[in-house]
Each structure stands twice: as structure tokens, then as C-alpha cells.
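Counting begins at 1 with the first residue of the sequence.
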Amino acid sequence: MYRIVLVCTNHSELGKCNSEELYKILESLRPDVIFEELPQDLFDRFYKENSIPCEPPEIKAVKRYIRKYPVNNLPVDSPSSNLLSRNDINFMFKILNNHYSFTQLEETQRKQMFEKGYSFLNSKENEVLTESKRSLSKELLECDINRRRLSQIHRAFYEEQHQREYDILKCVHYHSQRQFYNQGVLLLGSGHRSSMREKIEGYSSISDIKLSWTFFGDAN
């Protein structure tokens with residue numbers, strides 16, 4: 001049975017959430033394959049073309065790791081479905097950031113990320129905060145004068161996230177059927193941690209190949 005550890009990340013450097021700390025995690029797990037939350041086009045730009053100068057911590061850590069350990073790293077994300085425009089997303093978060101209750105949750109999350117780093121991102125505490133933000137955002141948008149448009153944006157935003165999660169799992173299983181490995185790592189934004197638990201269990205029940213999943217940070 002193939003073993004995979006899901007490691008939750010943040011896509012920008014913030015205090016202890018940095019490439020050095022993420023590299024230490026990779027060193028401790030010693031994966032022989034790394035699955036990355038990247039669509040193929042971005043993967044090529046980061047790794048083949050080196051055309052994006054500002055690299056997120058995941059890219060920095062993986063590049064450092066594969067220089068020392070020549071293992072496979074693979075993109076498993078799907079391209080954007082174009083359900084939403086960037087203007088729609090910006091509009092939604094602009095409205096949310098006008099609410100003190102929402103920005104307080106955001107600030108609490110950022111502070112914990114800054115101080116505790118990946119131990120917080122991979123914790124139940126962060127899962128609870130993420131779900132609280134989602135529930136609160138839905139309530140706030142439904143009370144706004146533009147609630148019809150905002151509710152549609154909110155619904156489409158999470159529909160796209162859920163579809164991406166299924167696509168990521170499908171891709172991980174696809175690659176797992178075509179190459180052997182002992183220990184894999186899936187690097188994934190921390191906002192997906194809670195919803196991926198249910199999807200992994202459901203997908204495993206219908207897949208031809210069985211993967212042994214562990215969530216980094218969970219108690220043994």
C-alpha cells in the first residue's frame with residue numbers, strides 16, 4: 001500500500017510559515033514523490049521555464065529538496081474552471097473585509113500562522129477557524145444589499161474548490177497507478193484540510209488502488 005502524508009501549507013511567506021520550515025518537514029518525511037497543488041501550466045513555468053521570479057514557499061522548499069534527493073515532483077491541480085472572474089472574487093472579499101467580525105477571524109488566523117507556522121496550519125484549531133470564516137462569510141453576504149450576486153459568487157467559489165479537490169485526488173490516484181513509491185507527500189493549501197478528509201475516504205472506496213493517507217499534525 002502506498003503511503004501519502006497530506007501537508008497543509010500557505011502560499012506566501014508569513015513568519016514561521018516559510019520555505020525553510022517546510023523544507024525541514026520534507027526532510028523529516030523523506031518522500032520519494034511529491035504531489036503539488038499546481039496545474040500543469042504553472043508547474044512548467046516554475047520548474048521548466050523558471051519564468052516566475054516570485055516563488056511561493058512550497059516551490060522553494062521542493063526545489064531545494066529535489067536538488068538533494070532526485071525524486072519525482074508532479075502537478076496534480078486542475079486549471080481554473082472559469083466559473084468566476086478575478087473581479088468577482090475581489091468584489092466578494094472586499095465586502096467581507098468591511099466587516100469587523102470577518103477581519104478579526106482573518107487576523108487571528110494570520111497571527112497563529114506567523115507564530116506557530118506549519119504546526120498551526122496542520123491543526124484542528126486551524127480547521128475550526130477556516131470553517132468559522134466560511135460560515136460567517138455566507139451569513140454576512142446574505143445580509144448585504146448585493147446579496148443575490150454575492151451569494152452566487154460565494155456558492156461558485158466553493159463549488160470550484162470542491163471540484164478541484166476531487167480532481168487533485170483523481171490525479172494522485174492516476175499517478176499512483178503508474179509509478180511505485182514508498183512515501184508520498186501532497187502539499188495543499190490549509191483551507192482544503194477539513195474538506196479533503198471526507199473526499200479521501202469517499203474516493204478510496206471507489207478507487208482500484210488503495211492509498212494509506214496520513215494528515216501531518218494529527219496525533220498518532
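Residues meeting the side chain to side chain donor-acceptor pair (under 3.5 Å) test with K94, sequence neighbours left out: none. A search for salt bridge (charged side-chain N to carboxylate O under 4.0 Å, His left out) contacts involving E131 returns nothing, not counting sequence neighbours. Listed by chain and residue number, K63 satisfy the side chain to side chain donor-acceptor pair (under 3.5 Å) test with N50 (two or more places apart in sequence, or in another chain). Here H173 pairs with S207 under the side chain to side chain donor-acceptor pair (under 3.5 Å) rule; sequence neighbours left out. Residues satisfying the salt bridge (charged side-chain N to carboxylate O under 4.0 Å, His left out) test with D32, not counting sequence neighbours, are none. Remark: F91 pairs with I95, N146, R149, L150, I153 by the side chain to side chain contact (heavy atoms under 4.5 Å, CB included) rule, at least two apart or across chains. For R64, the salt bridge (charged side-chain N to carboxylate O under 4.0 Å, His left out) partners are E20, not counting sequence neighbours.
Pairs engaging residues 165-178 under the salt bridge (Lys or Arg N to Asp or Glu O under 4.0 Å) rule: E165-K199 [sequence neighbours left out]. Among residues at least two apart or in separate chains, ring-ring contact (aromatic ring centres under 6.0 Å, His included) pairs with a member in residues 115-156 are H154-Y158. Sorted by first then second residue, the salt bridge (Lys or Arg N to Asp or Glu O under 4.0 Å) pairs that include residues 111-123, not counting sequence neighbours, are K116-E125. Counting only residues at least two apart or in different chains, salt bridge (Lys or Arg N to Asp or Glu O under 4.0 Å) contacts with residues 7-17 comprise E13-K60. Among residue pairs with one or both ends in residues 44-71, those qualifying as ring-ring contact (aromatic ring centres under 6.0 Å, His included) are F43-Y47, Y65-Y69; sequence neighbours excluded.
Distance OG/S123 to CG/L121: 7.5 Å, rounded to 0.5 Å. A distance of 7.5 Å separates CG of L105 from NZ of K133, quoted to the nearest 0.5 Å. Distance check, rounded to the nearest 0.5 Å: CG of L136 to CD of Q104 gives 11.5 Å.
Under the 6.0 Å cut-off for aromatic ring centres, Y2 and Y181 qualify, their centroids lying closer than that.
Ion pairing between D41 and K48 fails under the 4.0 Å rule for side-chain N and carboxylate O. With respect to E107 and R110, a salt bridge is recorded, a charged nitrogen being found less than 4.0 Å from a carboxylate O.
Hydrophobic clustering (ILVMFWY, side-chain heavy atoms < 4.5 Å, transitive): V128 and F216 are in distinct clusters. Taken together through direct or relayed side-chain contacts under 4.5 Å among Ile, Leu, Val, Met, Phe, Trp and Tyr, M196 and I209 form part of one hydrophobic cluster.
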Yes or no on side chain to side chain contact (heavy atoms under 4.5 Å, CB included) for N122 and D218, after CA distance, side-chain angles and deciding distance?
CA-CA 8 Å; N122 292 274; D218 281 2; over 6 Å; no
Chi angles and distances behind the side-chain hydrogen bond (donor to acceptor under 3.5 Å, both in side chains) call for N126, Q109
CA-CA 7 Å; N126 189 42; Q109 201 168 35; 2.8 Å; yes
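A tilted orientation is assigned to the rings of F93 and F102, their planes being inclined by 30° to 60°.
Shown here for C171 and P75, the closest heavy-atom pair between the two residues is SG-O, 3.8 Å.
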